[in-house]
Amino acid sequence: MERRQFLKVLGATGAAATVAATAGFPKKAFAKPAKQDIGECKSVKVTVLSETSWFNNDQFKKDIVDNGGASTNQYAVPWDRNNSGGYSALIEVEGLDGKVHKYLLDTGWNNAWMDYVFNRHGVDKMLASNEIEAFILSHWHLDHFWGIESTLKHNDKIKMYGPSTMFPEDEVLLNGGKHEVAGCKNDVPYKGELTKTEPDQYYPLTAGAAIRMFDVPILLRVRGENVLYFNVKDKGIVTVTGCCHPGLLTLYSTARKEIEGGKNIYGCYGGLHISLFENWDPKFDDIIKGAKAFNPTKMGCNHCTGWIWAENAAKEGLPIVKGTDTYKSYPKQSSVAKASNVFLTNGDTVVF
Amino acid sequence: MSERRSFFRELSQEAIRSARQALEVRDQVQEEIVSCLDALAEEPSELDAFDRDFFDSYEMSYSMTLAYPREFFEQAAEKEGIEHRGVETLELVKTLHQRGIL
C-alpha cells in the first residue's frame, strides 16, 4: 500500500470512530425538507385592467366548435375579431420596507382593446418609464398573449416570464410576426430577456412574491400555466392567476406542501376556470366545498370563473369579493355580466 | 526525524478531512431520517385529499373536464377515431391527453 493510500485508510478509520461516538447526539435541530421560502410582503393590490377576454360566450364557443373542438390549434381558428377583448391585470406588491413593485400579468388579445385599457389605466406610461418591473405571461392562450404588441410598443425590452411549454407559433408572434387566419399580429419584436419557466420551479420576483409553473393540459393546443404566489405578512398565501388551469384546490394544496407558511391560505384573484360557459354541473358544488376547506378570507374572481359558480359560491359562504359597476364605463361589456356583481370586473381593484 | 514529523502531520490532516466528510454524510442521513419522521408524525389533514394528480378526480381536473362542453371533447375524439359514447368525461379527456391529442 502506498503511503498516501495508507494515510487515507487510517484517517477514515479514525473519523468513523469519531462519528460513531457522536452520532447519537445531534448538535443542531434538523429542519424538515426545505420548503420554498418566498419571503413576505406587506400587501398586494390587483387592478383589473380587463377581464373580458371575449364579450359573447356563444360566439366564442361557436368559433371552437366550428373549427374542430378541443384539440384545435388556436392559430388555425378564424376567430370573430369583433368578439375579442383580453385579460390583463396590474399587480402592485408593497414590500415590508414600503417600496412598491409593479408587475403586469398578461397582455390581452385584441390590440385596439388593450391599447384603450392600458391608456385608461396609465399602464402605457408605466411600461415606458420602466415602472413596471416585469411582464408575467400566465399561459400562451390567445386572450392572454395575442395582445403582446400593446405591451411591447411601450417597452420592447421588458423582462418577461412565460411558460417553457410555448409552441413555434407563439415564438413567431413574440418575435414580431403574424398569423393571418387567426387574425393576430405583432409589429414590435421582443428584445428583452425571456425567462422560460419550467414545471414545478419557483421564480422569485420580490420578497413575498414568486411564480410557479404548473405543466397542465389546456385546450386549443396550449400547455402549462404560470401562477403567482404571494405571502402577505400576518395574512397568508394569495394566489393570482390568469385562468387557474391547474385548479384552485391544486394551487392551495401545493402552497401547503411546498411554501413556507403555505398552510395559511388567505385568498385568490383571477380566473378560476370553472363554469366559463355558464353551465352548471352538480360536481361544481364539490369545488365550493373544497375551497371552503382551505378557509380563505378573500376571493376575487372573474373571467373564466363563471358568474353562476361565483354566485353559488357566495351563497354557500365563500368570501367572494364583490365588484362595482365601473365596467359599465368601458366601451364594451360582457354579455353574461349580472347585477349580482360577484365578479371583480374591468376597472375594479382588490387589496390583499 | 523531519520525515517522521511530516508523516504524522499528513496523517492528522487526512484524518480531519475524512472526519469532516463523514460528518457531512451523517448530517445528510440524519436530515433525511428526521424529515421522514416529521412527515410520519404530522397530523393527517382533510386537505391532504387535494394532494392528488390532475386526472385523479373531477375536483382536480375540473378546469378541463367540467369547464368545457362535452361536445368539444367528443369532436376531438371523433377526429381521432376514439369511441366516446358511454365513456365518462373524465376518462375521455384523460385518454385524449394520454394520446397527445390535448
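To find a chain, count down the sequence lines: A is the first, B the second, and so on, and within it residues start at 1. These values consider heavy atoms only, across backbone and side chains, with no hydrogens, waters or symmetry-generated copies.
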May I ask you to check whether Phe167(A) and Tyr75(A) place their ring centres under 6.0 Å from each other?
->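 For Tyr75(A) and Phe167(A), the ring centres are not under 6.0 Å apart.
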Among [options], which has the most heavy-atom pairs under 4.5 Å with chain B?
| options | answer |
| --- | --- |
| Ile287(A), Leu219(A), Ile64(A), Asp281(A) | Leu219(A) |
| Cys244(A), Ser253(A), Pro217(A), Cys243(A) | Pro217(A) |
| Ser275(A), Gly306(A), Gly290(A), Cys304(A) | Gly290(A) |

Between the side chains of Asp106(A) and Ser138(A), does any donor sit under 3.5 Å from an acceptor?
->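 Checked: Asp106(A)/Ser138(A) side chains pair up, N/O donor to acceptor below 3.5 Å.
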Below 4.5 Å, heavy atoms only, C-beta onward: do [X] and [Y] meet side chain to side chain?
| X | Y | value |
| --- | --- | --- |
| Ser164(A) | Thr197(A) | no |
| Asp170(A) | Phe145(A) | yes |
| Asn67(A) | Trp79(A) | no |

Kindly determine whether Asp80(A) and Lys62(A) satisfy salt bridge (charged side-chain N to carboxylate O under 4.0 Å, His left out), including the steps that lead there.
-> CA-CA 10 Å; Asp80(A) 179 347; Lys62(A) 184 176 182 301; over 6 Å; no
Examine distances only and state if a side-chain atom of Glu51(A) and a backbone atom of His303(A) form a donor-acceptor pair shorter than 3.5 Å.
->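 Answer holds: yes.
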Check whether any side-chain N or O of Asn83(A) sits under 3.5 Å from a backbone N or O of Asn56(A) as a donor-acceptor pair, and report yes or no.
->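 At least one qualifying donor-acceptor pair exists.
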Chain A-proximal positions within residues 58-78 of chain B [heavy-atom distance under 4.5 Å] |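 Result: Tyr58(B), Glu59(B), Met60(B), Tyr62(B), Ser63(B), Met64(B), Leu66(B), Ala67(B), Tyr68(B), Pro69(B), Glu71(B), Phe72(B), Phe73(B), Gln75(B), Ala76(B).
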Contacting region of Phe54(B) [heavy-atom separation from chain A under 4.5 Å] =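 Side chain only.
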Of the backbone (N, CA, C, O) and the side chain (C-beta and beyond), which part of [X] lies under 4.5 Å from a heavy atom of chain B, both, or neither?
| X | result |
| --- | --- |
| Leu248(A) | both |
| Tyr252(A) | neither |
| Lys61(A) | both |
| Val65(A) | both |
| Asp286(A) | both |

Under a 4.0 Å N-O cut-off, is there an ion pair linking Arg26(B) with Glu24(B)?
->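 Salt bridge: no.
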Assign the ring pair His245(A) / His139(A) to parallel, tilted or perpendicular, where the plane angle (0 to 90°) is split at 30° and 60°.
->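 Judged by the thresholds at 30° and 60°, the geometry between His245(A) and His139(A) is perpendicular.
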